[in-house]
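Notes for the one structure printed next.
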Amino acid sequence: MSESGAVHPVVLNVGGTNFSSSMATLTRYPDSLLARLVHRGTHGQGSGGQQQQQPLFVDRDGTLFRHVLAFLRDGALSPGLQGPELRSLGREAAFYELHALVRAIQQAEAASRAELLEVRFSLQEGGAAFFRVFGSRADSVLELAERVHSWAGWPLQAAPTWSSSGPAASLERVALQRPSHHDFVFQCGPAPSSTGASFVRYVSIEPDQRRLTNGVNVLGLLIDTVLREGFRLVAARTASPDDRVECYTFERGHPMGGQHHDNKAMAAGREQPIGGHGKAANGKPAKK
């Protein structure tokens, strides 16, 4: 008797290829169709120390079943699975009702796809700037949103351009708008209040602690932040000339928080979005 307690291995013929494994491995997920097939097919065979009389035939892809068996044994996908082979394995996993394998394949497919992030920027007459950030991964959008902070305060005529130099109590925190799990919206610059008085919206993006009011400079800081998180800029276009909406599209191949050294170097080499150079990170003149 083996250490697993199986008297004899169970032999499966999957699409013409024989596989030998233990009953414990093949029934690791008792609610799966595979476990039910094995139980039914071996009922009365291989028990009481008797050898299984003939292989249990399963009319599925034998080439892919080796990956199914590897997952049952190790609890992980075989190294190197990707593309069409991974999608085909997903169909096999669905057939066998191996839900844990289906989830593992879905996670592997999601990780292999390029992650997309889009920044929309609109600069209105009078200096008010509006931002919408959309991402294909909700967790990355949430992490970036948690680094963006907004305040309102200071009458327009008294507001400093770059940062708040007044008492902290004079500014009120403003929550970002979250239309969905995949985007967030914020603004900076002049903003009328419900009483008709003009106030200013300030924005800071961690780890930078400055509270900025200039939309072009906030855009530059936001782009630098995204690049430092491993994204690369793949497109920049004017989405709506009449509304002065600019759209910047980024992509990367791994989740938020990873490092991409080429883009970190690119971000470090860009002109500073604020101070000294007179230009934002997108090359436009900084407005004061």
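- To the nearest 0.5 angstrom, Leu69 atom CG is 9.0 Å from Leu34 atom CG.
- When the side chains of ILVMFWY residues are joined at heavy-atom separations under 4.5 Å, either directly or via intervening members, Val174 and Trp151 end up in two distinct hydrophobic clusters.
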Walk me through it: do Phe95 and Leu33 pass the test side-chain contact (heavy atoms from CB on, under 4.5 Å)?
-> CA-CA 8 Å; Phe95 170 79; Leu33 175 62; 4.1 Å; yes

side-chain contact (heavy atoms from CB on, under 4.5 Å) between Leu72 and Leu98, worked out = CA-CA 9 Å; Leu72 293 174; Leu98 292 167; 4.1 Å; yes

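- Counting only residues at least two apart or on different chains, no salt bridge (charged side-chain N to carboxylate O under 4.0 Å, His left out) pair has a member in residues 61-79.
- Residues forming a salt bridge (Lys or Arg N to Asp or Glu O under 4.0 Å) with Arg28 (at least two apart in sequence, or on another chain): none.
- In this structure, the separation between OG1 on Thr213 and CD on Gln187 is 12.5 Å, given to the nearest 0.5 Å.
- To the nearest 0.5 Å, atom CG of residue Leu233 and atom CG of residue Leu117 are 11.0 Å apart.
- Under a 4.0 Å N-O distance rule, the pair Arg87/Glu85 does not qualify as a salt bridge.
- For the pair Ser32 (side chain) and Ala35 (backbone), a donor-acceptor distance under 3.5 Å is present.
- Of the inter-residue distances, the one linking Phe131 atom CZ with Ser150 atom OG reads 10.5 Å to the nearest 0.5 angstrom.
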Which is it for Phe19 and Val14 under the side-chain contact (heavy atoms from CB on, under 4.5 Å) test, yes or no, and what are the steps along the way?
-> CA-CA 7 Å; Phe19 295 89; Val14 183; 4.0 Å; yes

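- Contact record, Pro190 with Gly126: CG-O, 3.3 Å, taken as the closest heavy-atom pair.
- Looking at heavy atoms from C-beta onward, Leu89 lies in side-chain contact with Ile105 at the 4.5 angstrom threshold.
- Between the Thr25 side chain and the Ser21 main chain, no donor and acceptor come within less than 3.5 Å of each other.
- Note on Tyr29: it clusters hydrophobically with Met23, by side-chain heavy-atom contacts below 4.5 Å among ILVMFWY residues.
- Here the shortest heavy-atom pairing between Gly215 and Cys188 reads CA-SG, 3.5 Å.
- When side chains are defined from C-beta on, Val119 counts as touching Leu222, because their heavy atoms get closer than 4.5 Å.
- Using a 4.5 Å heavy-atom cutoff, the side chains of Val141 and Phe184 are in contact.
- Salt bridge annotation for Glu251-Arg113: absent, with no cationic side-chain nitrogen under 4.0 angstrom from a carboxylate oxygen.
- Residues Ile205 and Val203 form a side-chain contact, since some pair of their non-hydrogen atoms from C-beta on lies under 4.5 Å apart.
- When the side chains of ILVMFWY residues are joined at heavy-atom separations under 4.5 Å, either directly or via intervening members, Leu144 and Phe134 end up in two distinct hydrophobic clusters.
- A distance of 6.0 Å separates CG in Leu86 from CG in Leu81, rounded to the nearest 0.5 Å.
- Checked against a 6.0 Å centroid threshold, the rings of Phe121 and Tyr248 do not count as neighbours.
- A search for ring-ring contact (aromatic ring centres under 6.0 Å, His included) contacts involving Phe130 returns nothing, not counting sequence neighbours.
- When the side chains of ILVMFWY residues are joined at heavy-atom separations under 4.5 Å, either directly or via intervening members, Leu101 and Leu37 end up in a single hydrophobic cluster.
- Neither side chain, Arg228 nor Thr225, offers a donor N or O lying under 3.5 Å from an acceptor on the other.
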Report the C-alpha separation of Glu109 and Gln82 in whole Å, then their side-chain angles, then the decisive distance to 0.1 Å, and conclude whether the side-chain contact (heavy atoms from CB on, under 4.5 Å) test is met.
-> CA-CA 8 Å; Glu109 289 180 328; Gln82 58 184 343; over 6 Å; no

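- Other residues, nucleotides and ligands contribute at most 12 non-hydrogen atoms within 6.0 Å of the CD atom of Gln177.
- Glu146 CD to Leu176 CG: the interatomic distance, rounded to the nearest 0.5 Å, is 10.0 Å.
- The minimum heavy-atom distance between Ala129 and Leu123, with the atom names listed, is CB-CD1, 4.0 Å.
- When all heavy atoms of Leu171 and Gly153 are compared, the closest pair comes out as CD2-CA, 3.8 Å.
- A donor and an acceptor atom, one from each side chain of His149 and Ser204, are nowhere located under 3.5 Å apart.
- The shortest distance between side-chain heavy atoms of Arg60 and Tyr96 falls below 4.5 Å.
- In terms of modelled atom types and a separation under 3.5 Å, the side chain of Arg36 and the main chain of Asp31 share a donor-acceptor contact.
- Side-chain heavy atoms closer than 4.5 Å link hydrophobic residues (I, L, V, M, F, W, Y) into clusters, and following such links, possibly through other members, connects Phe65 to Leu56.
- Remark: the backbone N or O of Ala94 is not paired with any side-chain donor or acceptor of Arg91 at under 3.5 angstrom.
- Taking a cutoff of 4.0 Å between a charged side-chain nitrogen and a carboxylate oxygen, Asp183 and Arg132 qualify as a salt bridge.
- The side-chain heavy atoms of Ser122 and Gln124, taken from C-beta on, include a pair separated by under 4.5 Å.
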